[in-house]
Every structure is written in C-alpha cells, then in structure tokens.
Trainee: 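Structure below; questions to follow.
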Amino acid sequence: MPISSMQRVSIVAHRRKEAEILALLQDLGVLEIAVEEGFAFEGEKPPVATEEVERTLSEIRYCLDFLERYRRDKPSFLESFFPKPLEVTKEEFLQCCFNHSPVYRACASLEEQLNGIRTTLNRLMAHLEFLSRFEHLPIPLENLGETRYTRSILLEIPLEKKAHLESKLRERGLLWFCETFPSRGRNVVVFLVAHRDFLPHLEEVLQEIGATPVVLPQAFEGTPKEASERIRVRMEELAREREKLLEKAALYARFERDLKLAHDYYASLLERRRKEQEILHTRETVVISGWVRAEDMEKLEQSLKALGNEWVLFARDPQPGESVPVDLRNGSWTKNFEVLTRLYGLPNYWELDPTPFLAPFFFLFFGICLGDVIYGLILALLGFLAPGFLKVPDGTRRFFHMLGWGGVASILVGMGTGSWLGDTFDHLPKALSAVTSFKRSLTVIDPITNPLPMLIFSLLLGLVQVLVGLFVSFVKEWRRRNYASAIMDQLGWFAFLLAIVVYIGSTQFALLKPFALPFLVGTALFLVATQGRQKKNPVMKVLSGILSLYGVISYLGDVLSYSRLFALGLSSSIIAILARTLGVLFGSSPYIGWLIGLLVALLFNVFNLVMSSLGAFVHSARLQYVEFFTKFYENGGKEFQPFSYRTKYVKVQ
C-alpha cells in the first residue's frame, strides 16, 4: 500500500520507567509522539527544563559558525552543497562528553578581538580618505584652532569661489590672511587665519558664499602627509595582528569533529526534552501517546517487553476526522519520484498516493522534453553515480536517481527520434559510417523533417493522462461510497471523452465506425441527463445538462497543454544542431580553428543540456500538478516524523 497503515497507540507506564521508555523510543525511531486529547489526569505536570540545553546548543552552533568563517581549508564546491556526514557508532554518540566551554570562550574572545581590529581599520581607512583631500597642505594640523589672538581654519571650496571669498573679506577689513593649496577635482584648500576681532565678519562672509570650515574627525599631529603615513604604519601593524589572530582561529578547526558530534547529541537531547512536554502524567504513571506504522507494532511491543512488565500498550485504528501523519510506501523505482509529490504537498491519510500514477508519465514526459541520446547518457551517469561519490542524504539521493531515470527516458526517446547531439552523428567520418547506419536504423519519428507525428503522439499522451486522472477520481469516489458522483460525474466524463476519441478514430479505422457514433451520442445524453440533477426545475435540469457539455473545452485545453512536450523536445534538438553548425563554422578558421570550434560546440551543448534538463523537469512537473492532480488529488497531509535522533552532521551507525 503506497500510504502506510497507522495505529494510534498509548503507552501507560510507571513514572520511574519514563526515562527508560523514552530512551528506547528514541533509539527505535518508530513512534511519533502526539498528545492524546481527552485524557483526564491528576496531579501537577512536572516542568521540563530546556534552557540549559538550548544555551549549550546555541554556544556550539556559534563555535561551528566561527570555524566556518575562519577556516583556511575551504570545502570544495560540491562539498559545500553535499557535506559528508560523520559516521559514528551509537555508543560514541550517546556517550558524547565533549566540554565545549573552553572552545566557546576562546572563539568568543578571538571574535571580539577581530571585530575590534576590523572596526579600527575601518576608522583608519576613513581617516586616510579624509586626509587624502589635504595631502598638499604643508601646515601641521595641530595648528588649526584658536590661540589668544587668532583662529585658524581650513576651507575646501571650488576654485571660482576663492576670489569671491577674498573680495568679501577685504570689504570687511584686513585682519586676516589666507593661502591656497590644490585639492581634488576643481576644489582648492584654503588655509585662513583671522584675528579674533575679525571673527564675526568671517562668519558672515562664510554664510554668504555657502562655505563651512573643515572639521577634523580627530586630533592629528603633523601635516596631512605625515599623519597619513603614521596611519598607514598603524594599519600595517593591525593587519599583522589580525593575521596572527586568524592563524590562531584556524587552529580551532581541530575541534570541528567534536563540536559537530556534540551539536547533534544536544540537538537530540533537546528533542527528547521537548517531547517530554507532550507526555501526560498522573501521580504514579505516565501516558506516552502517538502514531506508529502498523508494520512496526510488533517491533515496538517486543522492545518494550525487554524493559519489564510495568507498562501497558493500547492500540487502535485511526478514526475519521483525525489528523493522521503520512508515510509514503512505494516500490524501489516509484520511490525515486516521491520528491514530486512532496514538492506539491503530501496527501492526507485518507487519500490516494499519486506517486505510482505520476511516475511513469513523468518518466516519459522528461524523456520527450530532453529527447537526446548523448544528453540522456550524461544525465543518467550523473544521476546514478553522483550520490555514491557525494554520500548525500536519502532524499537527495532519490532526487538524483529521478534525474538519472529521466536520462534513461531521454536515451530511449532520442533513439526513436534520431537525436544524438542533434544531427552530429549524421556527419561522422566515413570510417564511422556503421555508427551512423545504426543510429538511423533506430529512428522511428524524425521531428525535424516531419514534426506532426511527434505532436500527435504528445497530445495522445496528454489525453491518456487526463483519462487516467478521471478514472482515479472515479475509484476514489467509489471507495468513499459516493456512488452517484463516481458514476455520473467521473465515469460519465471518462466515457464521453473516450467516445470522442473513438469517433475521431473511426475516420481512420473502419472497424470503429459501427458503434462510434452511438457510443458518442449515448455518453453525451447520459451527461445531459445527469449533470443537472441538482436542479429542481425539470427544464433547468435539461438546460444545465446541455450546458455541461461545454466542459469538454476545458478538457481540450488540458490536452493541448501537452504540446509543450513536443516543443521542448524539438528545441533541444535544434539547439544541438546549432551547436554543431557553429562548431563547424568556427572550426574552418586556420591554425587553431579546430580548437575554437570544439570549445564553441562544447559550450553550446553544455548550455543546452543544463537548460533543457531544467525545462524538462519544470514543465513535466507542471503537467502533473496542473493537468493531472486537479482531476483527483487532495493534498494537506503532514509527514510522519517518528521520535528519534535528530542529526545534522552525524550519521549514527
């Protein structure tokens, strides 16, 4: 059965057995703990402390993030996406006793020092940027400011304002002196000294011309050039100090394995503490409730017997209306396509699992969209071999295998349509003419020269999937005992659409002519008689039934959507032909033309493989979700998540 049968269980045990039973359940990984509603219990529920575990887990995560930021041996591109898990024994995992506190304090201290250096370097860099505007100024910056009789300021103004400034100052008196130095762009730096009695006039002039005295970000000594040199020396010292700290930080990578092991240990411990909050307590007993796969019931019961006799196990079937977790159970081949169902949303427990129905269609659709032998071979090798090298999780491995099977379908379709890197194999040297002959002997349909048969084949596939969707909907309603809806709606439309196909086929096959028209008229009259059954007025019943036949347009639109299979497959072949053509064109150049042509053809084919594979996946999935699932599928299920060890970095053997 694609969806595993579930049992609702309750384990009632003495309170002193709680820790042992929880440890056993976490080790078994067969029970999803869920609160049993409606239980009446006495006594106060003991508090479950999680703060200390959460704090420890947070500190370990900080250490791991610190190591990731400052490690010298960066992981490869593939390892960053598919990290290899640490394989440890169950005993090593459960007996984890790594003291992370010294590492945490050291990492925090190093982080603080590095942040301090980073802040200081940013500040000094800003100072350098500021001083670069006054690098031609030969006056010590400490001379700026006020004395007993004078005030010295710097102005950075456009060159055209300098004469205006001097004329305004002369109008108000001669108790001032200024000297001009170059700056960046069209600006100049004006060093201006004025007598204290002249300051009110100076402020008026500055307001009139819109100039503001330069404010130093801090006190500097010497000229701007000398101050900049001292800043650069200080920045070099800080850079050397930072490098030493980075080298020291990189040394803590030796604790990475212990930290990852400790992380998963405390994550599992936190999972257990949180599950303890969902356990009901009485004065002397605990009640642990949840869901178990029916096939695991015997395993659970036998494991509990090893703990003694101070427990009782109650089990029952799910009741209608209950929120039952879903565990998909498919065959080894179909299981690879479960990723499509999960992307859309799991079915609820009382529904059908659509995976067995969509798997063969997606397999064939993907092959038609990619539709090339060589592309399919590359994708198949990648999909089947990569998981073994990368040691990816089961979900990722199944996704790779799904792509691998898509590659196999592409090989089969490519053989039938004669696409081997487009038409590249038609232009092989005469010495390889046997390969070309073999390729041509396998070709059934050539969509490049005669596209109509491939288009018709794609539409027929769409019609078949629509009919399968209606039939599955009929079975689902029949199982729910909605016999009227199953026969009058799903089966009625199934028969009517099939009658249309038979009638069209009768124009080509004389064997179908005697019963094609009666079959079509009969199914149409059946829909007219049943589709308006909800109306009370007899006339409205008939009119509603007649109008319902317009629904055939919707089904026609669904079938036409499958023409994208033909279009994508054709585009994949045409781009491959274009890659070969451009390769030959560039290859005709003298000297290294053959190399350029080879690179151009390779780049185009890689691009075509990536984009065509992406398009094949997206559009094949879209046909399942939009055209197929809408006929019968209802999602909304929640995944079965048994209480077990929650690990991110570790694989417990």
Side-chain angles (χ1 to χ4, degrees), residues 1-13 17-18 20-39 90 268 271-272 274-276 278-280 286-307 311-357 359 393-395 397-398 476 479 633-647 651-653:
M1 184 178 181
I3 298 180
S4 298
S5 297
M6 290 288 175
Q7 291 278 296
R8 180 75 188 197
V9 301
S10 295
I11 304 170
V12 183
K17 286 288 185 180
E18 179 181 356
E20 288 184 73
I21 293 176
L22 281 175
L24 173 67
L25 293 176
Q26 191 169 28
D27 188 41
L28 288 176
V30 298
L31 172 68
E32 179 179 323
I33 296 177
V35 177
E36 180 73 58
E37 298 180 359
F39 262 91
K90 186 187 300 182
S268 296
E271 173 78 4
R272 177 169 167 177
R274 288 173 175 169
K275 289 302 179 183
E276 289 175 9
E278 301 180 15
I279 296 174
L280 302 179
V286 293
V287 181
I288 304 174
S289 301
W291 297 98
V292 179
R293 288 185 290 257
E295 62 195 61
D296 292 328
M297 281 296 300
E298 183 178 356
K299 178 181 179 181
L300 174 62
E301 191 169 0
Q302 293 299 323
S303 300
L304 287 171
K305 287 180 180 179
L307 300 181
W311 56 271
V312 179
L313 178 65
F314 298 95
R316 62 172 175 81
D317 292 328
Q319 298 176 356
E322 277 191 300
S323 179
V324 186
V326 175
D327 178 56
L328 301 182
R329 290 289 183 180
N330 289 292
S332 57
W333 184 78
T334 308
K335 199 172 188 66
N336 298 314
F337 298 88
E338 284 183 3
V339 62
L340 298 169
T341 302
R342 296 179 187 276
L343 283 174
Y344 188 83
L346 290 172
N348 66 61
Y349 181 75
W350 311 100
E351 281 292 315
L352 292 169
D353 177 13
T355 310
F357 304 104
D394 288 343
R397 177 174 53 81
R398 286 195 291 270
K476 184 181 74 171
R479 288 176 56 184
Y633 184 52
E634 296 178 21
N635 61 352
K638 62 174 184 177
E639 188 171 6
F640 177 61
Q641 296 180 332
F643 175 49
S644 61
Y645 303 121
R646 298 297 179 198
T647 60
K651 182 177 181 180
V652 182
Q653 295 178 333

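Heavy-atom basis, side chains included; hydrogens, waters and symmetry copies ignored.
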Trainee: Strictly distance-based, threshold 3.5 Å: is any side-chain N or O of Lys17 a donor or acceptor partner for the main-chain N or O of Leu307?
Mentor: yes
Trainee: Will you find, in the side chains of Thr341 and Thr355, an N or O donor that is under 3.5 Å from an N or O acceptor?
Mentor: yes
Trainee: Can you tell me if CD on Gln302 sees more than 12 non-hydrogen neighbours from other groups inside 6.0 Å?
Mentor: yes
Trainee: What distance do Glu295 atom CD and Ser4 atom OG have between them, rounded to the nearest 0.5 Å?
Mentor: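 Reported to 0.5 Å precision, the distance equals 5.0 Å.
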Trainee: Is the count of non-hydrogen atoms from other residues, nucleotides or ligands lying under 6.0 Å from Lys651 atom NZ greater than 12?
Mentor: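 Result for NZ/Lys651: open.
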Trainee: First locate atom CG of Leu304, then atom CD1 of Ile11, and finally report the distance between them rounded to the nearest 0.5 Å.
Mentor: 5.0 Å
Trainee: Taking all heavy atoms of Leu352 and all of Tyr633, pick out the closest pair and write down the distance.
Mentor: O-CE1, 3.9 Å
Trainee: May I ask you to decide whether Asp296 forms a salt bridge with Lys299, counting only side-chain N to carboxylate O separations under 4.0 Å?
Mentor: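 Judged by the 4.0 Å cut-off on N to carboxylate O distance, Asp296 and Lys299 do not form a salt bridge.
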Trainee: CD1/Ile288 to CD/Glu276 distance, rounded to the nearest 0.5 angstrom?
Mentor: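 Interatomic distance, Ile288 CD1 to Glu276 CD, rounded to 0.5 Å: 9.0 Å.
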Trainee: Test your reading of the model: is there a side-chain donor-acceptor pair from Tyr349 to the backbone of Met6, 3.5 Å cut-off?
Mentor: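 Side chain of Tyr349 to backbone of Met6, a donor-acceptor pair under 3.5 Å: yes, one is there.
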Trainee: From Glu351 CD over to Arg479 CZ, what is the distance, rounded to the nearest 0.5 angstrom?
Mentor: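 The distance works out to 9.0 Å.
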Trainee: Distance check, rounded to the nearest 0.5 Å: Phe643 atom CZ versus Leu22 atom CG?
Mentor: 5.5 Å
Trainee: Hey, is Arg274 close enough to Glu271 for a salt bridge, meaning N to O under 4.0 Å?
Mentor: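 Glu271 and Arg274: not salt-bridged.
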Trainee: Locate the shortest heavy-atom distance separating Arg293 from Phe640; write the atom from each residue and the value.
Mentor: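 For Arg293 versus Phe640, the nearest heavy atoms are NH1-CE2, 3.3 Å.
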Trainee: Say whether, by atom type as modelled, one donor and one acceptor occur between the side chain of Glu32 and the main chain of Gly290 under 3.5 angstrom.
Mentor: no
Trainee: Okay, side chain of Ser268, backbone of Arg646: is any donor-acceptor separation there less than 3.5 Å?
Mentor: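 At least one qualifying donor-acceptor pair exists.
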Trainee: Quick one, Gln7 and Asp317 - any side-chain contact, counting heavy atoms below 4.5 Å?
Mentor: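 Yes. Closest side-chain heavy atoms under 4.5 Å.
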Trainee: Can you confirm whether Lys638 sits close enough to Ser323 that some side-chain heavy atom of one is under 4.5 Å from a side-chain heavy atom of the other?
Mentor: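 A side-chain contact under 4.5 Å exists here.
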Trainee: Asn635 side chain to Tyr344 main-chain N or O, any donor-acceptor pair under 3.5 Å?
Mentor: yes
Trainee: For residues Trp350 and Glu322, report the shortest heavy-atom separation together with the two atoms involved.
Mentor: NE1-O, 3.8 Å
Trainee: Find out whether Arg329 and Asp353 are in side-chain contact, i.e. whether some heavy atom of one side chain is under 4.5 Å from a heavy atom of the other.
Mentor: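 Side-chain contact under 4.5 Å: no.
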Trainee: Leu328 vs Ile3, test: side-chain contact (heavy atoms from CB on, under 4.5 Å). Steps then yes/no.
Mentor: CA-CA 5 Å; Leu328 301 182; Ile3 298 180; 4.1 Å; yes
Trainee: Check the pair Leu25 / Lys275 against side-chain contact (heavy atoms from CB on, under 4.5 Å), numbers first and verdict last.
Mentor: CA-CA 11 Å; Leu25 293 176; Lys275 289 302 179 183; over 6 Å; no
Trainee: Can you tell me how far the OG atom of Ser303 sits from the CG atom of Leu28, to the nearest 0.5 Å?
Mentor: 4.0 Å
